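The structure appears below as structure tokens.
Note that these values count all heavy atoms, side chains included, but never hydrogens, waters or copies made by symmetry. As the structure is a computational prediction, the values presented were derived from the model and not from experiment.
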Amino acid sequence: MKNYIYLLIYFLSLTSFSQTLVSSIPLEMKKNRDVFQIVNESRKEVTLFLSDKTSINAVRLDDKIQIIDSLSTTRPEKKYSEMIGFVSIGEKGSNPKIFWSTGNRKELFVQNFNFENHKVDYQNYTLALKKEELVQEFTANKKFYIMTIVKKTNDVKLYVFDSNGSMEEKTLNFDSIKFFTNNYSPVNFYEILDMNLLPFESAKVQKIIPGNPISLTESAKKRKLYIQDKEITFTIDTNVDYTQLISINLETYVVNSKTFRKAYIKTEERYLLNSNSFLIDDKLFQLKTSSSEMFLNIKDMNDATLNEFYVAQDKSIDFKNTDVIQEVGDFTNKRVLEKSSQFLRKVNNSNSGISCYKMNDNYIVTVGSVSKDYNNNSMMYGAMFGAAGVIVAAAIFNPTYDSFNSYANRKVIYTNGLFDLNANHLSGEIKPFAFDNIRTFLDNNKSLNSKTLFKLNNAYYLGYYDSIDKKYSFRKFQD
């Protein structure tokens, strides 16, 4: 009863906290609405793209989420069904290029929004994609990248689009890197990416954008790609005994590989063990579990252990600063798990994960597990491959909103720990996240649609369309 009273007070406090309406844009949108934004942190601006079945409105917003300027154009022809990425151009980075694509990624249509002369012009690209499958798409180093893998090989291809409209093709060979299945059978990189590891892991590689809270739905993936400004890094946890890191320098295209051992848990059957990892600030957080034991290890890039925590079923969880929560379906359906044995069993028997978020010069570390989507709606998380190598992909990636929205229709078990930047555990209370406040607000306002979420100036902004008032509105939330 105490736990339920505590949760009730907690929810009421969140609801009262999260009612800051900052602005509204008068706008009438037709059906087939899509929303996407580019955040320019250096200029403290956001360019918001609001599209429907006929048109696209690009709206520049300042740091108060007030309109600076706007441009409108028609939506591309129907075969260009998805916005897949962007790159910002111009001296001030305020003139974006938006990339549209056909479903198989062979044809691209680019819209160049020029706010200086208030014009929109266009470019077309054709990609051969011979025996290739999509791995990921991302923006970094002031360029837009489409990454593919040549079937049954170690050849990774990058199609690189710069701000001047040029496209170059780079082939990276991973033959010098050894890959193994969980049973130590040798495989190539294509086979690593092609493994069906989790019931909801439709993406070949989960894209991770630094600076945003990452949900367990995303961090539970065994193959992740961390996007930084001039480097990208794969973490691969397909083998329960180690994490494999592969980094690619986006200026020199030099490839480096490292292997990080995980903790040892004695067992007669390897398939009864579970493991995963998360990379942040050149620190690797590794999780390994059985139904009765758990190790949380934190390592530097030389595989040296900075800290280690061990949990047994009859002992307390030393690294946690919050209760162990079981959440089913939505944010309001929660209960507290009192015993470590419950936590260990449930985490090991589902899809375990660990995620880290930097807040106020500390790390908030979430450890737990997540089930598959009860409604089988996991295709929203990145690209997946259909039969015969046909690429099927979701709309443009919104890292903040996708992470925030990913616990719907799932059972999630988690606890949070507080660490300093040297990987030392800290005592004390963890205050509610902005994400908690946003989830409470949306639980109380389920009719809102065309939602988006982004971070600017250390605050989160929730955008949504009101079809009755014909306005696109923004609310502000902070950690």
Side-chain angles (χ1 to χ4, degrees), residues 18 20-27 29 33-52 55-73 75 83-100 110-116 118 120 137-144 163 207 209-213 227 229 395-405 434-435 437-438 441-442 448-466 470-479:
S18 57
T20 310
L21 181 66
V22 293
S23 67
S24 294
I25 300 172
L27 183 68
M29 298 179 70
R33 295 186 291 265
D34 290 315
V35 184
F36 154 65
Q37 71 283 326
I38 300 173
V39 177
N40 188 329
E41 271 288 353
S42 62
R43 290 180 53 81
K44 306 302 178 186
E45 287 184 9
V46 176
T47 304
L48 184 73
F49 295 87
L50 300 150
S51 70
D52 58 24
S55 64
I56 302 172
N57 295 284
V59 184
R60 283 179 63 200
L61 304 170
D62 64 16
D63 61 345
K64 303 293 191 299
I65 316 301
Q66 303 299 315
I67 296 177
I68 301 172
D69 204 350
S70 65
L71 269 175
S72 296
T73 189
R75 188 167 178 142
M83 282 190 288
I84 62 169
F86 69 92
V87 64
S88 295
I89 62 176
E91 182 179 349
K92 299 178 180 178
S94 57
N95 296 323
K97 290 175 173 281
I98 300 301
F99 289 76
W100 294 78
V110 182
Q111 295 175 318
N112 304 302
F113 290 82
N114 192 318
F115 284 97
E116 295 169 6
H118 280 81
V120 182
E137 300 150 330
F138 57 91
T139 297
N141 199 27
K142 299 180 181 180
K143 298 174 183 178
F144 175 62
S163 59
K207 182 163 52 177
I209 306 294
N212 293 300
I227 311 298
D229 183 32
I396 196 164
F397 178 69
N398 184 335
T400 312
Y401 188 74
D402 286 353
S403 180
F404 157 79
N405 193 47
F435 272 32
N437 302 322
I438 297 166
F441 174 79
L442 289 179
L448 304 179
N449 52 58
S450 301
K451 298 181 287 289
T452 192
L453 184 63
F454 59 88
K455 187 177 183 181
L456 180 69
N457 274 344
N458 295 316
Y460 291 90
Y461 292 89
L462 173 69
Y464 55 89
Y465 183 64
D466 188 329
K470 293 181 171 49
K471 292 180 180 179
Y472 200 86
S473 298
F474 296 92
R475 290 182 180 269
K476 180 180 178 180
F477 302 81
Q478 288 184 288
D479 287 322

Should L442 and L462 be marked as a side-chain contact (heavy atoms from CB on, under 4.5 Å) after you check the CA-CA gap, both sets of side-chain angles, and the distance that decides it?
CA-CA 10 Å; L442 289 179; L462 173 69; 3.8 Å; yes

Stepwise side-chain contact (heavy atoms from CB on, under 4.5 Å) test for N40 and S88:
CA-CA 9 Å; N40 188 329; S88 295; 5.7 Å; no

Worked verdict on I56 versus F113 for side-chain contact (heavy atoms from CB on, under 4.5 Å)
CA-CA 11 Å; I56 302 172; F113 290 82; 4.2 Å; yes

Report the C-alpha distance between L61 and F474 in whole Å, list the side-chain angles of each, state the deciding distance to 0.1 Å, and finish with yes or no for side-chain contact (heavy atoms from CB on, under 4.5 Å).
CA-CA 11 Å; L61 304 170; F474 296 92; 3.9 Å; yes

Steps toward side-chain hydrogen bond (donor to acceptor under 3.5 Å, both in side chains) verdict (Q111, T73)
CA-CA 9 Å; Q111 295 175 318; T73 189; 4.6 Å; no

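L50 has its side chain within reach of L48: a pair of non-hydrogen atoms, C-beta onward, lies under 4.5 Å apart. When side chains are defined from C-beta on, D466 does not count as touching S473, because their heavy atoms never get closer than 4.5 Å. Counting heavy atoms from C-beta on, the side chains of R475 and T20 never come closer than 4.5 Å. The closest side-chain heavy-atom distance from V35 to Y464 is not below 4.5 Å. In this structure, the side chains of V59 and Y472 stay at 4.5 Å or more apart for every pair of heavy atoms. The shortest distance between side-chain heavy atoms of I84 and F144 falls below 4.5 Å.
For the atom pair N114 CG and L71 CG, the distance stands at 8.0 Å (nearest 0.5 Å). Atom CD1 in I438 sits 4.5 Å away from atom CG in L453 (nearest 0.5 Å). A distance of 5.5 Å separates CD1 in I65 from CG in L456, rounded to the nearest 0.5 Å. Atom CZ of F49 and atom CD1 of I38 lie 4.5 Å apart (nearest 0.5 Å). Residue N457 holds its CG atom at 4.5 Å from NZ of K44, rounded to the nearest 0.5 Å. Here the CG atom belonging to D63 is positioned 11.0 Å from the CZ atom belonging to R43, to the nearest 0.5 angstrom.
Here the side chain of K207 pairs a donor or acceptor atom with the backbone of E137 at under 3.5 angstrom. At least one donor-acceptor pair closer than 3.5 Å links the side chain of D62 to the backbone N or O of K64. Counting only distance, with no hydrogens or angles, the side chain of Y465 and the backbone of M29 share a donor-acceptor pair below 3.5 Å. Of the possible polar contacts, one joining the R75 side chain to the D52 backbone as a donor-acceptor pair under 3.5 Å is found.
Between F86 and F36, a ring centre-to-centre spacing shorter than 6.0 Å is recorded. Aromatic rings from Y460 and F477 are positioned such that their centres are separated by 6.0 Å or more.
The minimum heavy-atom distance between F115 and N95, with the atom names listed, is N-OD1, 2.9 Å. The two residues Q478 and N437 come nearest to each other via the heavy atoms O-ND2, 3.8 Å. For the residue pair S24 and K471, the shortest heavy atom distance occurs at CB-CD, 4.1 Å. Of all heavy-atom pairs between R33 and S450, the closest is NE-OG, 3.0 Å. For the pair M83 and S51, the tightest heavy-atom approach, listed with the atom from each and the gap, is CE-OG, 4.3 Å.
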